[in-house]
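Values below: all heavy atoms of this structure, side chains included; hydrogens, waters and symmetry mates excluded. Keep in mind it's a predicted model, so treat the numbers as computed, not measured. Order of the sequence lines fixes the chain letters, A, B, ..., with proteins taken first and strands second; residue numbering starts at 1 for each chain.
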Amino acid sequence: MKIKLFILMWLSLLSASAWSQSVTIKGHIVNEKNEAAGGVTVTEVGNEKNVVSSDEQGNFSIVLKAGSRRKLLLSNVGYTPQTVDVTGTRVQVRLSPDVRGLEDVVVVGYGRQKRITSTGAVSSVKGDEIRTVPTASIQNTLVGRLPGFFSQQRSGQPGADAADFFIRGVNSINGDNRPLIIVDDIEYDYTQLSQLNVNEVESVSILKDAATTSIYGLKGANGVLVVTTTRGRTGTPRINLTAESGINKVIRMPTFLDSYTTALLRNEATINDAYGQSQTPVLPFSPDDLQKFKDGSDPYGHPNVNWADALLKKSSTQSRYNVDVSGGNAFVKYFTSLGYFSQNGILKNFTPIGDYVNTNYFYRRFNYRSNLDITPTKTLKIRFDLNGRFETTNNPSGVVESAGLFYELSAFRYMAPYAMPLVNPNGTYGYASHQGAITSNGAINPIFRLGNGGYIRQFNNNYNLIVGADQRLDFISPGLSVKVNVSYAGNNNDGRNLNRSGLPVYKYNPVTNSYAIRDATQYRMLPYAVASTNSAFNSTTILQASLNYDHTFGDHHFTALLLLNQRNYINGGNIPVNYRGTTARLDYDFKRKYLLGLTVARNGNDLFRKDNRYGIFPAISWGYNLSEEKFFKNLFPFFDLFKIRGSYGTVGSDASYPSVVTSIIQYSTTGTNFYGNTTVEGSLVNPDVTWERERKTDLGLEINMFQGKVTTSGSYFHNYRYDQLIDQAGVPLLIGQNLPKKNIGKSENSGFDGVITYRNNTGKVNYSISANMSYAVNRIIYISEAPDYPYQARTGTRLGLTLGYHNIGFYQLNDFDANGKVKKGVAAPLWSVIQPGDLKYADMNGDGVITDADKTWLSKPNLPSTNLGAEFTIGYKGLSLRALLQGAYGYAVQVSAEGAGDAFNGNLRPWNLERWTPQTAATATYPRIGLNTNVNNISWATGGISNVSSDFWFANTWYVRLKSVELTYQVPKKWLKGARVVQNARVYIAGYNLANIQRMGKFQQDAEIANGTGGAYPNTVNFNFGLQLGF
Amino acid sequence: MLHAALFAAACFTSSCKKDFLDQKTLSAINEKAVFADSTISLGMVNNLYSNMGISFNPRRFSNTGLDAACDESEPLNDPTFYTSKISSGGVNANNADKGLWTTTFQMVRAANIFLKNKDSIPVTAATRSYWVGQVRFLRAWYLFTLLKHYGGIPLIGNKVFGDDEKIDVPRSSYQACVTYLSNELDTAAGMLPASYLSGDPNQLKVTKGSALAVKARMLLYAASPLFNSGPRADDPEHLLAFPGADPERWKQASDAAKAVINLGVYSLYSSSATPLFTLFLQNTPQPEHVLAYWQPATTANNFYIEASANPTSRGGMNGWAGTKYFPTQELVDEFEMANGLRINNPASGYPGIGDNMYKNRDPRLSYTVNYNGSVRNFNNFGDQPVNTYTGVIPTGNAAATSAGIDGIYTSTGTLTGYFRFKMCNAASGELYRPWVVMRYAEVLLNAAEATNEYAGPTTEVYGWLKAIRSRAGIAVGSDGLYGLKAGMTKTEMREAIWHERRVELAFEEHRFWDIRRWMIAPQTENAETHGMEITRAANGSFSYRVIVIRKHVFTDAMYFWPIPQSELTKSPALKQNPGY
């Protein structure tokens, strides 16, 4: 009621002044470079309803009523607000930039906040800073720039190279760790994010604590990544053209041993594997064979091929083109952009001449965007955004190994160095038929099948439309506005596969000079078979309505938000998934000194049962700007900003609940036994399934010093996640039924992240150094379990550990008796006959045999505990250099399968030379060599026997990369005078992943890929040359 | 104004809530729907048969059964096999098997759900009673199986637990379990038919005789020394035995077994010249079947006894580890001569180890094991001898050289010089047939044992043994006693019955329990098992040598199985068996 009374009084005041005399003030605004400053907000002090903004020429006119205090407040992003006393009818103002950084604005959920009054933990980066990093995926550009951002780029494959990322580490037992991604208020998934064109991006923020994420309620617990896109600004039309192109090179390819060494070791393995047998084994290679491999005298009978060299180019190319047009006046502002990105694969071109089938890897993407802001009346803003992308990804269909070409390259059964000659003397191709080769299609010469096997092509199309209106309701209460947004996002993904089966291949016999065909029914190449795949069209419709309030009463400043949010996701003909939420937020500051924020979200989705569908997620945050206190200013005048802040609240996550929660135990009636049809009660159900919750505590400090020269901020955080949906292992078997998951798991994750930046200029050189760090370590507090052995308990361990055997070296000669049998008292496994040089595992339960019961939790998780970034910039006149170093520490990679260098499962690598032999027993790093059937010594079981992976195959890993470097030259304006239309020209060279230092132990993997199977397309070093022109 | 907005927002949320976030209906068959439909309800009954053979299963642990955990056979030399862990004393609460505990309570739950809802099934009272009879029988069968492994078990009656309930049920005393199950089996017997006509769609299902026979077996166990040696100091709650001995229990066991005999529906199978070979290959119900477990028709022939028992040359698992278990010399030596005399009896005519050691033996020997020279079908080569020898292997076709894969000391061959043959198909391949979990011969032996213990070696006792030995093909002898000594004392008759059980019921999951309930395991199991090494010389002659296979270990704790540690952790009221 008080508010209404207040409004009434205020309205009557307003009407009383309506018939007084008024005066029109005209003004002109310029920036620090004396250029016209458009889009500057001009507000009458004391009458905040009276607002205009400057036009593209920097001009404005405002009507001041008689009795006005004749003071105007000029504000613009990045500039210090300025109060101007108007004496006449004309004013001339020069804005000065905000060097102290106090007016910085950060993007938070559903709005923006001034950094000085923000109480939450937010890190952000501007589009300008990441635009020239030569990579296709936006998430790859964020690595090392944002404290609290953890990422791993697990592949360099064109179209699939987007890094996996997490905010402040991970904290979910059931793997629900992916942050929410919001792009202009639309929820994106990881893939969609990677398809964004960096050129369209205004800023990227990550929201880390309860103050900033609780607004998203049951979707915010994993943190939120918010992307805003570029919008038009008042000003003359500007056309911006960017063209860049460059090359990609593989950072790290494993090296393989040649035919001679491989054959030699194959002989040794054959002898080793005959351990304990009475007969001497027949060696696969005779001394004559070995000699021919060695001297290369018989290239067809005894080939020696480096398949990586044969198949891969030294480098591949990529290019990117963008054109955007932006500008605006008082009525409409626009930003339109069209982008094209293309990245080619590393395969050599093996397609026959005249055949236009492109079987190489490639990725092409068109992005388009049009962001329009229309202002039909002074108080109404309409937003109309249309954007989308068309994307094509290509993979060779001739790769038969599902794990990919790079897996094949390291697989002995496909591409052993002596598998076959590159090409037969008559131009036909061969196939692998050596011992250990696979006999199916895959052993066909890879050159032949990659060139003639066709492609797998994926088309992804994505369309987004946002329509919104923002009406100021100052006539009800100053600072009040209502906003409605409707957005629609549609995706459809189609594929086309072209493939050819049964390629004719021949084995050439150089002795008889004859050819034997592999399959007598396949003498000619068949035409391509075409298949198309259509995955369901899926769409998301989001409806948002909000009331916003922003007003200052003297020293008291309030902002408030009340938001309704509704989301509907339909995937093909499936049942739609619906979500709805209400959020209220109130921020208060007193003289920008004492800050308080309150957020409550109440939201739910239709997976949960009706009576416990909605959850309430409150958060409180506070801040104290000591630097605004007089005593502090006097004591420490060099502090521009000294803010301590904290937040505490609850956020949820429903990402791990893919199916509808039901209260019905379903019976299966489809079974049968010899007595007739059977009816079986299904697993018990838990109708009370609910979202996970996380209590986030955050304590932060933000400091700006020496006129913005030094800025630093840091946060300590502790996240306690509970109600995690996990299996109940604590219920006795007496219950007689499988149990549903329950919301009983608990884990915690804590750490800190921070950044410190120093920027300065001496004369014409300006430079900056910035370093950031993110550290997070988690722990399982409660998991329902009743382990048979204490060392198999998960409680207290970190998330993401592997259960496996603990390696304690090799079996040495003195572990064996005279008959070659393992001595009594030396524990040995039963999965194969143990002999000297085999890997030895710890007998955890002391029963004298190595069994499943001896598995324990191994090593470290796969995700780094620490991420570091350091950025340097230096500028002199038109020349500027920006470099980013990034590193990760505190994680382990489990190498396995072909990636491990398992002899004869994978192709042999230098490491295999360091094998155990009786002579090298003391120094060996690799077990005695054997054929790939020896499950004890290989990292990955191949035939039906339980996996024997052990910590022998774990590498404690770290890496440091020169992640990106960019050198730009801004062509001086005077040089462009002749060109007339060109107002602005810039050339740059940029690089990505330029230098790499890593620790990976004996393994030849890329530490950042962090997946040890060796199947990933390698990460690449990219060099780019670019040109940007403004018209 | 803010109030108004909030109010509007509230309206907005509530008015649309009904349809927007409501769950879309799912069609599901729930408990109510099951028991409103007689066909689906019958499926609940049928399903209870699914695990009837869990303990009998010759492939229960890594393709070995309980015969490989006592002196009947030796599993492969693999300490990870649960069966070899048992016989080497390596089982403890941490590595204890959980399979039976899990399955039993799954079946009990399914039975209890049926019993809870039985009255809502739309069937006649007679059908309902027949179904309830089956359900109560099967529930009792599973619980009895659990009882013989662990001693007194937690009795939960008709309880169906919810997962939010506190489940912490203590074990009941052995006596309470026997009484409960005895009553259950009596009730079930009253609801089940004595027999089925041939072709009856229910003819594979259980009968009154099944229930009475299970009860008779349980009472025989309960009367045995293991459960009558109390009170035990380490068992104050009498979970493992009765508080004291009571000879009347033999009477109850005897009466119970006689009740099955008196039904008059069972007889010993004899419609073949080789009855103890053919009996197990019949794919229709037989008068000797008392309780048969029929495998699902969809996995026909997949009894896989052959796969883990046959010589590798005859299709045994010649994969990465070979055939899984091998009969011991102890078992072979238990078989008498065909004249019915033990081989250590000088009058028996046993020639001692050598080429003729397997000749003129109790015909059951050749139905039970494959020894060196047993003639068995070998694919294309027809009937060929099984070669278990080592030494000089002759050259020739696969049949002639089969000792190379079957022979002792080869990696895929026999460990003891023998292979199991009982229940296996002589021809190659698998055959559809049931596991005969209980058969009439056992009922006769149960009756004989209980009657002898209670009343001594009566004519009845002699009669039952003679019937079995006659069917086995032992010579009748001039005294018509099939080699049995006339006028035996009770003790002599006990020995005779124990011997008969070991021979007649070999590989039928009896020996493992018999040596425990008779409390002879400390002697029979704390011993070395033996095999027969036969070495072939270049001239084709054989030399014979008895070899030690493995030393077994038996401790007092091993009369019962340990309850898995994880169950004790979850249920503090559950008491572990002594010694674990």
Side-chain angles (χ1 to χ4, degrees), chain A residues 3-4 7 476-477 480 545 547 549 560 562 564 566 575 578-580 582 604-607 609-610 613 660 662 664-667 669 671-681 684 686 728 730-737 739-740 742 786-789 830 845 847-849 851 853 943 945, chain B residues 1-2 5-6 9 12-13 17 20-24 26 28-31 33-34 39-44 46-47 49-50 78-80 90 94-95 98 101-102 105-110 113 154 156 161-163 167-169 204-205 294-298 320 564-567 569-571 574:
Chain A
I3 295 173
K4 279 188 180 169
I7 292 165
I476 298 173
S477 173
L480 185 68
L547 272 177
Y549 183 71
L562 179 71
L564 304 174
Q566 169 173 313
I575 296 170
N578 295 329
Y579 161 88
R580 170 172 285 172
T582 316
N605 69 29
D606 59 356
L607 297 176
R609 286 199 320 129
K610 192 160 190 163
R613 175 174 299 155
V660 170
T662 165
I664 300 166
I665 298 174
Q666 296 215 43
Y667 281 68
T669 58
T672 173
N673 64 16
F674 205 78
Y675 303 88
N677 289 330
T678 58
T679 305
V680 185
E681 184 200 30
L684 301 185
N686 172 12
Q728 303 179 64
V731 179
L733 291 171
L734 211 60
I735 193 165
Q737 190 47 277
L739 299 163
K742 269 197 166 171
D788 281 326
Y789 296 97
L830 274 302
N845 64 356
D847 65 353
V849 267
T851 63
I945 304 160
Chain B
M1 189 51 221
L2 274 170
L6 278 169
F12 177 59
T13 349
K17 186 155 63 177
F20 188 69
L21 280 200
D22 266 4
Q23 283 177 357
K24 319 300 174 270
L26 291 170
I29 298 179
N30 62 7
E31 189 172 329
V34 166
T39 314
I40 301 178
S41 299
L42 177 59
M44 292 289 292
N46 293 340
N47 181 52
Y49 284 87
S50 301
D78 183 340
T80 61
N94 293 114
N95 64 13
K98 297 176 188 141
W101 198 272
T102 309
F105 287 107
Q106 279 172 352
M107 291 291 110
V108 169
R109 179 185 179 88
I113 289 173
I156 60 169
F161 288 104
D163 66 324
I167 303 174
D168 195 12
V169 185
L204 304 181
K205 294 188 171 174
W294 299 82
Q295 285 273 5
T298 47
W320 64 278
Q565 181 58 42
S566 51
E567 288 310 293
T569 310
K570 292 186 280 191
S571 181
L574 219 50

If I measure from the heavy atoms of chain A, does B:Leu204 come under 4.5 Å with its side chain, its backbone, both, or neither? both
For B:Ile40, which atoms come within 4.5 Å of any heavy atom of chain A: side chain, backbone, both, or neither? both
Do A:Asp788 and B:Lys98 pass the side chain to side chain contact (heavy atoms under 4.5 Å, CB included) test, and can you show the C-alpha distance, the side-chain angles, and the key distance before you say yes or no? CA-CA 11 Å; A:Asp788 281 326; B:Lys98 297 176 188 141; 2.6 Å; yes
State the CD1-OH distance between B:Ile29 and A:Tyr667, to the nearest 0.5 angstrom. 11.0 Å
OG on B:Ser50 to CZ on A:Phe674, rounded to 0.5 Å: 13.5 Å
Counting heavy-atom pairs under 4.5 Å with chain B, the top scorer among A:Leu684, A:Leu734, A:Val849 is A:Leu734
Region of A:Leu739 in contact with chain B, defined by heavy-atom distances below 4.5 Å: side chain
Side chain, backbone, both or neither: which part of B:Glu31 has a heavy atom under 4.5 Å from chain A? both
Of the listed A:Gly730, A:Pro732, A:Ala786, the one with the largest count of heavy-atom pairs under 4.5 Å with chain B is A:Pro732
Pairwise distance CG(B:Asn94) to CG(A:Asp847) - rounded to 0.5 angstrom: 10.5 Å
Measure across A:Asn673 and B:Asn46 and return the closest heavy-atom pair with its distance rounded to 0.1 Å. ND2-O, 2.9 Å
Okay, B:Val108 and chain A: the region with an atom under 4.5 Å from a heavy atom over there is neither
Heavy atoms only, distances under 4.5 angstrom: which of B:Asn95, B:Thr569, B:Ile167 has the most pairs with chain A? Name it, please. B:Ile167
Heavy-atom pair of closest approach, residues B:Trp294 and A:Tyr675: N-OH, 2.9 Å
If I compare all heavy atoms of B:Phe105 with all of A:Leu733, which pair ends up nearest, and what's the gap? CB-O, 3.6 Å
Of all the heavy-atom pairs spanning B:Asp163 and A:Lys742, show the shortest one and how long it is. OD2-CE, 3.7 Å
Taken to the nearest 0.5 Å, the spacing of B:Leu42 CG from A:Asn677 CG works out to 8.5 Å
